[in-house]
Structures are given as structure tokens and as C-alpha cells.
Amino acid sequence: MLRSLSDAGSDLDICLIQCARTPGDLLFEDELRSFAQLPGLRVETVCSQASGAFGAGGRLDMTKLAELVPDTAERSAFLCGPSAFMEAMRRDLLELGVPAREIFEEAFGPTPSGAKSAADRGQGGEARSILFQRCSINRVAGAGETILDIAEAAGIHVETSCRMGLCGTCKVMLASGAVDMNQMGGLSDAEREAGFVLACCSTPTSDIAVDL
């Protein structure tokens with residue numbers, strides 16, 4: 001869209017907010033800089049693991065969105081990203097006064113056919129023990145409950161973002177046991193071989209221990 005606007009010499013007032021895990025994960029940096037001739041374009045970056053000197057740290061939420069774009073309610077919003085991210089942003093945009101008709105969404109893609117929904121995972125199965133090794137907390141996971149579900153219920157902090165197995169933020173080391181992990185590309189082959197799993201989409205299939 002920006003390429004077309006650049007070719008047309010547009011003077012539209014645009015704020016592009018790109019969210020990523022680290023500065024190294026940002027996309028199209030060189031090309032975005034090349035759009036400097038667009039007088040109405042402002043580019044903001046929000047990196048959940050950014051250093052203090054780079055853009056806005058932490059995750060994009062309603063407060064940060066209002067700080068970056070004070071006139072949010074007067075704009076149209078175009079969302080693209082993981083479904084959980086877009087759901088959260090849509091709620092925040094509505095809360096900030098953006099009319100529903102001015103919110104447009106484009107998903108990364110359909111859910112893979114092999115992926116199970118939370119409802120599917122909740123059927124059958126049995127309770128499994130989860131040992132959080134660093135804090136010596138032992139909890140029981142019921143059918144369909146993920147490592148992240150149990151950790152949060154126990155008050156154990158796990159860095160997380162998309163909550164659907166896409167971003168890789170919530171990776172943890174599985175010290176023992178086995179899990180059913182329905183990830184969407186959040187781990188590399190090397191990370192899986194090293195024993196990492198994604199807490200948000202891993203349900204125990206045996207008693208397990210994790211490095212948390």
C-alpha cells in the first residue's frame with residue numbers, strides 16, 4: 001500500500017506501527033526509509049525485547065497506542081498479524097473511539113489444517129504433573145491446559161506475545177517428559193532439537209518438568 005502511495009506522491013497522514021520481538025526482527029527497514037519523501041508518513045516501531053534506546057519497548061497496548069497516535073479516534077485502522085494480536089488491537093481501537101466500520105483486518109493466513117483448537121485439545125486426556133524447576137513449584141495440568149495456562153495460574157511469569165505458537169516469545173526448555181505442541185513456526189528446527197517448546201501451545205502428554 002505504501003509503495004502505491006509513494007508512486008502516486010500521496011500526502012495522506014499515515015502512521016505505520018510495526019511490532020516485532022527484537023529490532024533484528026523488523027521488516028522492510030531500508031524500503032521504509034526510502035519512503036521519506038512521503039510528507040505525511042510517520043513510522044513507529046514497538047519491540048517487546050528492545051533496548052531502551054530503540055523505539056518503544058514492551059508490547060503495543062491501548063496506552064502505548066494512544067501515546068503514539070493521540071488522534072487515533074479520528075483515523076482508519078488497518079491491522080495485520082496473528083489473530084490474538086488483532087483481536088486485542090481491535091478491542092483497544094474500539095475503546096479509543098475508532099468506529100468499527102473504520103477497522104480493517106488482514107490475517108497472516110488460515111489456521112493450518114493439522115492444528116488443533118483449544119476446544120479440540122480440551123477433549124479427553126488426563127491430568128499431568130508440571131514441575132517448574134527454578135521455583136520448585138509443582139502443578140497439575142488438566143486436559144487441554146497448556147504450560148502457559150498453568151504457569152500464569154501459578155503466578156509464574158512467562159514472556160509471551162501472540163499466544164498462538166507464531167512469534168516464539170514464550171519458548172521454554174523442556175527438561176523432561178513429552179508435550180503435544182501445535183506451533184505455527186515459532187521455533188526453528190535447531191531450537192526444537194535442543195529441547196525448547198512453546199509454552200502457549202504445548203499441552204503435556206506425560207508428567208513434565210520445565211526450566212522455569
Exercise for review: Before giving the answer on side chain to side chain donor-acceptor pair (under 3.5 Å), spell out for D149 and T146 the whole-Å C-alpha distance, their side-chain angles and the decisive distance to 0.1 Å.
Suggested key: CA-CA 5 Å; D149 292 334; T146 65; 3.1 Å; yes
Study note, to complete from the structure: Minimal heavy-atom distance between V179 and V197, with the atoms involved, is CG2-CG1, 3.8 Å
Revision key, fill the gap. The reported gap from CG in L93 to CE in M86 (rounded to nearest 0.5 angstrom) is 12.0 Å
Review point. About how many Å separate CZ of F104 and OG of S76, when rounded to the nearest 0.5 Å?
Key: 5.5 Å
Practice item. State whether a side-chain donor-acceptor pair under 3.5 Å links S129 with N138. Key: yes
Practice item. Report the distance from atom CG of L187 to atom CZ of F196, rounding to the nearest 0.5 Å. Key: 8.5 Å
Study note, to complete from the structure: Output for pair (L5 CG, D7 CG), nearest 0.5 Å, gives 9.0 Å
**Study point:** Minimum heavy-atom distance between P39 and S10, given as atom pair plus value
**Key:** CD-O, 3.7 Å
Practice item. Run the salt-bridge test on R90 and E105 with the 4.0 Å N-O cut-off and return the result as yes or no. Key: yes
Practice item. Taking the side chain as every heavy atom from C-beta outward, state whether C167 and R21 have any atom pair closer than 4.5 Å. Key: no
Point to revise | Least distance between heavy atoms, L32 atom then L27 atom | key: CD1-O, 3.9 Å
Exercise for review: Determine, using the 4.5 Å side-chain heavy-atom cutoff (strictly less than), whether F28 and L26 are members of one ILVMFWY cluster.
Suggested key: no
Check your understanding: Given I17 and V69, is the side-chain contact (heavy atoms from CB on, under 4.5 Å) satisfied, shown in steps?
Key -> CA-CA 10 Å; I17 304 176; V69 191; 4.0 Å; yes
Check your understanding: Sub-3.5 Å donor-acceptor pair from the side chain of R128 to the main-chain atoms of D207, do we have one?
Key -> no
Point to revise | Single-linkage hydrophobic cluster M62~V98, side-chain heavy atoms < 4.5 angstrom | key: yes
Exercise for review: Check A127 against V140 and note the closest heavy-atom contact, atom names and distance.
Suggested key: CB-CG1, 3.5 Å
Check your understanding: In the single-linkage hydrophobic clustering (I, L, V, M, F, W, Y; side-chain heavy atoms under 4.5 Å), do L131 and L174 co-cluster?
Key -> no
Practice item. Answer yes or no: is there an ion pair linking E31 with R33, defined by an N-O contact shorter than 4.0 Å? Key: no
Exercise for review: Report the C-alpha separation of I147 and F132 in whole Å, then their side-chain angles, then the decisive distance to 0.1 Å, and conclude whether the side-chain contact (heavy atoms from CB on, under 4.5 Å) test is met.
Suggested key: CA-CA 10 Å; I147 294 173; F132 297 98; 4.3 Å; yes
Review point. Any side-chain heavy-atom pair from V46 and K64 closer than 4.5 angstrom?
Key: yes
**Study point:** Joint hydrophobic cluster, L68 plus L96, side-chain heavy atoms closer than 4.5 Å
**Key:** yes
Practice item. Begin with the C-alpha distance, continue with both residues' side-chain angles, and end with the deciding distance and a verdict on side-chain contact (heavy atoms from CB on, under 4.5 Å) for R139 and I137. Key: CA-CA 7 Å; R139 290 290 186 269; I137 292 176; 3.4 Å; yes
Practice item. Taking S202 for its side chain and A199 for its backbone only, find out whether a donor-acceptor pair lies under 3.5 Å. Key: no
Check your understanding: Measuring from I103:CD1 to R91:CZ, what's the distance to the nearest 0.5 Å?
Key -> 11.5 Å
Review point. Hey, are S6 and Q37 close enough side-chain-wise for a donor-acceptor pair under 3.5 Å?
Key: yes
Check your understanding: Okay, side chain of E145, backbone of G142: is any donor-acceptor separation there less than 3.5 Å?
Key -> yes
Review point. How about V43 and Q18: do any of their side-chain heavy atoms sit closer than 4.5 Å?
Key: no
**Study point:** Any side-chain heavy-atom pair of L60 and M89 under 4.5 Å
**Key:** yes
Practice item. In sequence, state the C-alpha distance, the side-chain angles, and the governing distance for E191 and K171, and then conclude on side-chain contact (heavy atoms from CB on, under 4.5 Å). Key: CA-CA 9 Å; E191 287 172 326; K171 69 179 179 183; 2.5 Å; yes
Review point. Do the side chain of D71 and the main chain of E74 share a donor and acceptor less than 3.5 angstrom apart?
Key: no
Review point. Thinking salt bridges, do D13 and R75 make one under a 4.0 Å N-O criterion?
Key: yes
Point to revise | Minimum-distance pair of heavy atoms, taken over all atoms of I208 and A178 | key: CG2-O, 3.5 Å
Study note, to complete from the structure: Minimal heavy-atom distance between C200 and C170, with the atoms involved, is N-SG, 3.3 Å
Check your understanding: For the hydrophobic clusters of this structure (ILVMFWY residues joined by side-chain heavy atoms under 4.5 Å, transitively), does one cluster hold both F78 and I14?
Key -> no
Check your understanding: Going from CD1 on I130 to CD1 on I156, what distance comes out if it is rounded to the nearest 0.5 angstrom?
Key -> 9.0 Å
Check your understanding: More than 12 non-hydrogen atoms from neighbouring residues, nucleotides or ligands closer than 6.0 Å to CD on E159, yes or no?
Key -> yes
